[in-house]
Each structure stands twice: as structure tokens, then as C-alpha cells.
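Contents: one structure, followed by commentary.
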Amino acid sequence: MLSGHFIKENINEAALVPALLSSIHQGIVLMDADLNLLVFSRRAKDLLDLPESVFEGDPNLADLIRYFAERGDYGPGDVEDFVSGITIAARAQGDVAFDRSLPDGRLLKVQVTPLPDGGQVAIYSDITQFRAVETRLEEKQDRLVKTLRSRSRELEESRDLLSSAVDAIPDALVMVDGAGCLTLANSNMKRLHPGIEAYLDGRAHLKEAFAFEWGEAKDLDDFIQQITAESDHRMFDRWFRIQVSSIPTGGHVVVFSDVSDFKEQNKKLRAHADQLVKHLRKEKRLNEMQRQFVSMASHEFRTPLAIIDGAAQRLKRRFDRLQPEEVVERLDNMREAVRRINYLIERFIDFSVSQDGVLEISPQPQPLLPIVQAVCNQQHQGNRSHEIVLNESIGDLVINIDRRMIEQCLVNVVGNAIKYSPGKDRVEVDVRVENNFACIEVTDFGVGIPKAEIKKVFGRFYRASTSSGIPGTGIGLNLTEMIIVRHKGRMSISSEEGKGTVVSIRLPLDLPVDPALDRPPATDGGGGDEQRRQGESEAETGACGSTLAAMRADAAEIRLQDNEEPIGRAER
């Protein structure tokens, strides 16, 4: 035990002192009775910004004061006068604490404690931040006092204004405290409910003043839930909309808005709005159907027009060299293309005027293989860059299909296979029977479709990212799928980007002929039935039907310039 402290006997006291000094955040200075410096901690050196040279030899307090004075810590004056005055004061004073400002703006708190043997211990603490916080707190306290005084004045003014503002509200209004007792009612409420003033004077509960509206409510919260659950309430022979707002300090504001006139006008407006919505929906449906019709018709007419254009250009270029049978063959191709246009026009008119927006088909028993062969031959003639390899195992298979529509589907799919395999020389078409379905697979070895986009390619106007730079509108596959679905079939696509695509069409072998949809295909002759259907279509479709009828009548008179490129490739 040393001076009441516990220190183990065998502890290394020489190591103990530096360890203690290093662990203390304050600066420690120890002087003997003659003011010689015995201990000066590293923290004290840093706080006072003292170099190591000050401590060479055996410095005392006088040496330290002389350094401070020469550095200018004490301001202007004689250095030795500072040394003499401060050392005399240090010998005479006992416990003392004071603040010391440093030239760099920091503020130190110095606590000096005398020791029994005549020496002194000085502790230095950096209180710069503490004083700054203390100063800010004092400033904030002053501002707070000023703000409170200002707010008190404002509250007094607001209290006077509140009464005027409440009376200026066009709705009837009451205020209740947290217990539900009336505290205020504006002038409109007093006119609406003449007995309200008596309830106000007696601080009556809201339940007493509005017993006719309280109903089965058990307490204030129940009443508030009850009136807010219903939009409008009948009272005082008028309709009122009641709104309840909570007051932060407790209590509620209950506002009664007269909506009698509004409800009457709203009733009339709702009737007009219902009629308008019906007309808008009908117009929107008709516009959408017309847009679908135009987009699909413009797309699907390209292929037969391309056939007409190609045959016409060959006739013009080689007319003097063609044999009569070759001329007849090309004229037959042109007439067949015109028949296809007429047939497509009939189908699209039916689609555009149908109430449910469904494309109608006319399934008839047809041998499938000749249809596939004809499409492959047509596409090869128009695209000599690709060989179309047909593999079939169906023979004379006959199924119920709309021949023209299925032809158009195959034109779209085979045309896509050619268009989206630039630089390749082969497209494969495989026809077989699988699980009571006729399966047609068209395989190309072209750009392919990213896996994430395969499900999207059947959407109208959607085009895969790999189709960049290749012309197209994104309508072909959408229409193709629509036609296949109408045949109770289905389509699927498998593809690998950069390696090619396989499009599969599956048509049921047992598709029944629907009498409601069954009608003979349009013929070149155009008899009385066709004229009757044309008249019906024109009557139903208005301007759109008239335009299509004109297209039908003028189809044989289409003229294309010799230098135009072939049109009508299917588009993915």
C-alpha cells in the first residue's frame, strides 16, 4: 500500500507509470516543490504543442513558461516578467482550475493540485468542443425563448382567428373533446340545428345532440366508424356527407356537408356517363377491329399481289418467246392470285364485322399434300436463293381445313424461314401424322430467336431482336396462329439463336365442319351468292366494306411498274 493505493509488491513500478500515462486521455504534468518537471505525459506535450527539444536537460516550470512567452502564448510583453509572475503565483496557490486559450484557437482546462511533499500535479483537458457545444446550447436556448414568446402571441391571434374561420366555413361543423363532449359549433350548424347552443352551454355529449344519427353506436369510436362507413346520411330533410377528423391534442372535428343538390346532379350525370361509356366501348371495339383488319389485310394481300406482279413482269419481258401454254399457265397463276385476294377479302370482311372479333373459316375436306407442295413451289420460284426440301409421309391424307387460309399460313411460315436465313441455301419442310394430328414442320438454319423472346413472337407487331435490319411488321405469325387456333390446331416454335428455327403447325385430323361457318370458297365467276354476300358485307361495314368491295372489283386491274421489287413476303 502506497498512500492508500493498492500496488502489488513485486510489480514493476518503472513500467507502471508509462502505462498509466499512455492510457489517460488528459495531459499529466508532475512537478516537485522547486517546480522542476518530473513527469510530462505525451498527451500533455500534444495538447500544448511542445517539441522534444524543450525537455532536453532538466527543465523546470520557468523554462516552460519562457518557451510559451517567446512563442507568443501570453501576448505582447517582457518574457522575464511573464516567467517571474507566473512562477511566483504557482508557488503560492493551492488547488486551482482555470481555462487557457492557445494561439491555434483551442481551449484547455487546467486543474492544479498540490502534493503533500510540496510538489504539484497539473491535469490538462481539451474542452474546445465542449465549450463550442455549450455556446451553441446557450444560443439555441435564447432562440427557443424568443420562439416561445412569438408562438404565444401567434396562438393568441390564432385563437381569435379560429372563431372567425370556423364561422366562414360553408359547411356545418362541431368540435368535441376526447370524451366526446361538444366544445364548439359554427354559425351554419347553429342555423341547421337550432338546439345545438343549449347542448354547447351544457357541454353535452355528442350522443345527446345527435341522438337521431347515433343509432346503435355504443361509444364515440363506434359512432365515428358508423358514420364514416356510410357515404351519405339523411337528416334535417336533406342529404349530408359527414367527415370526422381527429385533433392532435385530442378530440374530433365533425363536418356536415350538404350534398342534396350534388346527389341530384350526380344522378343525372351518371345516367349520361353510362350511355357515353357504352358508346365509347362500342367505338373502341369497332376501331380496334378495323385496325386489326387493316393491318392483317395489308399484310396478307402482299403474297398474291407478288404472284400477279411476277407473272405480269415475265409476260411482259418474254411475251414474244413464250409458248401459248406457258402464257395460259401464267394467266392461270394470276387469276388464282386474284381469287385468293377475293377470298381473303371475304374472310377479312367477316372478321371486321363479327361481334366477337373472331376470324371466320370455311373448313372443307381437302388433300393436304398438294397445298403444301403448291406453297413450296411458289416460294421457291420467288426465292431462287433457297432450296426448299419437302419430306412427306402422308400420301393422299384428306382433312377438313380452309384451304385458302392454310395456304396463307404456310406462305407466312415458309416465307419467314427464307427471309430470316440470309446467306443460307436450304429450308426443310416436313409433313407427317402424329397422334391424330397432321404435323407440318418448317426448319430454317438462319438467325434464330433468343430463348427469352420465343413466347413473344406470336404477339401482334412483335419482332425478335435478331430480326434487326430485316424488313417486317410482326403481323404474320400473329395471324397464322389465329387461323390455326380457329382450326382447333396449335403452333409451337423451337429456336436457337444463330442456328435456326423450327416452326410446327399441328392440324387435327377430325376437325368437324361447322355448319354456321361453312360456306363455299369464292370463285372466279362470282355468281348470285357472292353478290348477295358482297351486299351484306358492304351494308355491315360502311366505308370500310365499300373500300374492300372496290378492291375486290378492281383486283384484276392491278398494275405494277416493271422496276418494282416483288412484294408479299411473309413477316415474322
Side-chain angles (χ1 to χ4, degrees), residues 154-155 157-291 355-357:
E154 291 175 1
L155 287 174
E157 295 172 357
S158 298
R159 183 177 58 191
D160 296 335
L161 289 173
L162 176 61
S163 179
S164 300
V166 168
D167 284 338
I169 294 174
D171 299 319
L173 174 149
V174 295
M175 296 179 64
V176 297
D177 59 18
C181 296
L182 292 169
T183 59
L184 182 139
N186 68 351
S187 55
N188 286 325
M189 174 56 73
K190 293 175 182 178
R191 285 192 294 269
L192 179 66
H193 191 355
I196 196 69
E197 290 199 65
Y199 292 113
L200 279 171
D201 293 340
R203 299 276 295 181
H205 195 275
L206 191 66
K207 180 176 183 179
E208 299 177 42
F210 295 91
F212 51 84
E213 183 65 23
W214 193 268
E216 301 298 326
K218 298 178 181 179
D219 53 24
L220 181 62
D221 291 338
D222 194 11
F223 171 69
I224 291 173
Q225 292 180 0
Q226 177 178 294
I227 62 175
T228 53
E230 302 176 12
S231 59
D232 300 325
H233 301 257
R234 185 76 174 176
M235 61 176 66
F236 307 116
D237 296 326
R238 302 282 292 175
W239 282 101
F240 289 89
R241 186 160 297 165
I242 304 176
Q243 295 177 307
V244 182
S245 301
S246 299
I247 301 174
T249 56
H252 298 84
V253 176
V254 186
V255 179
F256 299 78
S257 302
D258 190 337
V259 294
S260 301
D261 295 338
F262 169 78
K263 286 179 70 68
E264 185 64 27
Q265 293 296 326
N266 191 51
K267 183 178 179 180
K268 295 178 181 178
L269 287 174
R270 187 180 295 113
H272 291 303
D274 290 342
Q275 291 297 322
L276 180 60
V277 168
K278 290 180 182 178
H279 290 304
L280 288 176
R281 287 176 178 171
K282 182 177 180 181
E283 184 70 20
K284 182 178 180 181
R285 184 172 63 252
L286 292 175
N287 287 340
E288 176 63 19
M289 291 169 58
Q290 189 176 55
R291 186 181 67 83
Q355 294 299 318
D356 54 0

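Count residues from 1 along the sequence.
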Nearest heavy-atom neighbours spanning Val176 and Leu182: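 Heavy-atom minimum between the residues: CG1-CD2, 3.8 Å.
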
How close do Asp167 and Ser187 get, counting heavy atoms only, and between which atoms?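 Closest approach of Asp167 to Ser187: OD1-N, 3.0 Å.
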
Apply salt bridge (Lys or Arg N to Asp or Glu O under 4.0 Å) to Glu154 and list each qualifying residue two or more places apart in sequence or on a separate chain.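 Testing Glu154 for salt bridge (Lys or Arg N to Asp or Glu O under 4.0 Å), a comparison that skips the adjacent residues, returns Arg151.
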
Using residues 168-175 as the side-chain source, report each donor-acceptor pair under 3.5 Å to any protein atom, sequence neighbours left out, with the distance given to one decimal.
{"unit_1": "Asp171", "atom_1": "OD2", "unit_2": "Ser257", "atom_2": "OG", "d": "3.2"}

Could you tell me which residues satisfy side chain to side chain donor-acceptor pair (under 3.5 Å) with Asn188, sequence neighbours excluded, listed by chain and number?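 Per chain and number, Asn188 pairs via side chain to side chain donor-acceptor pair (under 3.5 Å) with Arg191.
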
With sequence neighbours left out, write down each residue that passes side chain to side chain donor-acceptor pair (under 3.5 Å) with Asp177, or none if nothing qualifies.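 If we apply the side chain to side chain donor-acceptor pair (under 3.5 Å) test to Asp177, skipping adjacent residues, the hits are Arg203.
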
Below 4.5 Å, heavy atoms only, C-beta onward: do Phe256 and His193 meet side chain to side chain?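 Counting from C-beta outward, Phe256 and His193 never come under 4.5 Å.
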
Separation between NE2 of His252 and OG of Ser246, rounded to the nearest 0.5 Å: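 The OG atom of Ser246 is 3.5 Å from NE2 of His252, to the nearest 0.5 Å.
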
Could you measure the distance from the CG atom of Asp201 to the CD1 atom of Ile196? Nearest 0.5 Å is fine.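 Separation between the atoms: 10.5 Å.
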
Kindly write out the residues that satisfy side chain to side chain contact (heavy atoms under 4.5 Å, CB included) with Ser260, not counting sequence neighbours, or none if the list is empty.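 Ser260: side chain to side chain contact (heavy atoms under 4.5 Å, CB included) contacts with Arg238, Trp239, Asp258.
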
Output a table of donor-acceptor pairs, distance under 3.5 Å, between side-chain atoms of residues 268-279 and any protein atom two or more places apart or on a different chain; print 'none' if there are none.
none

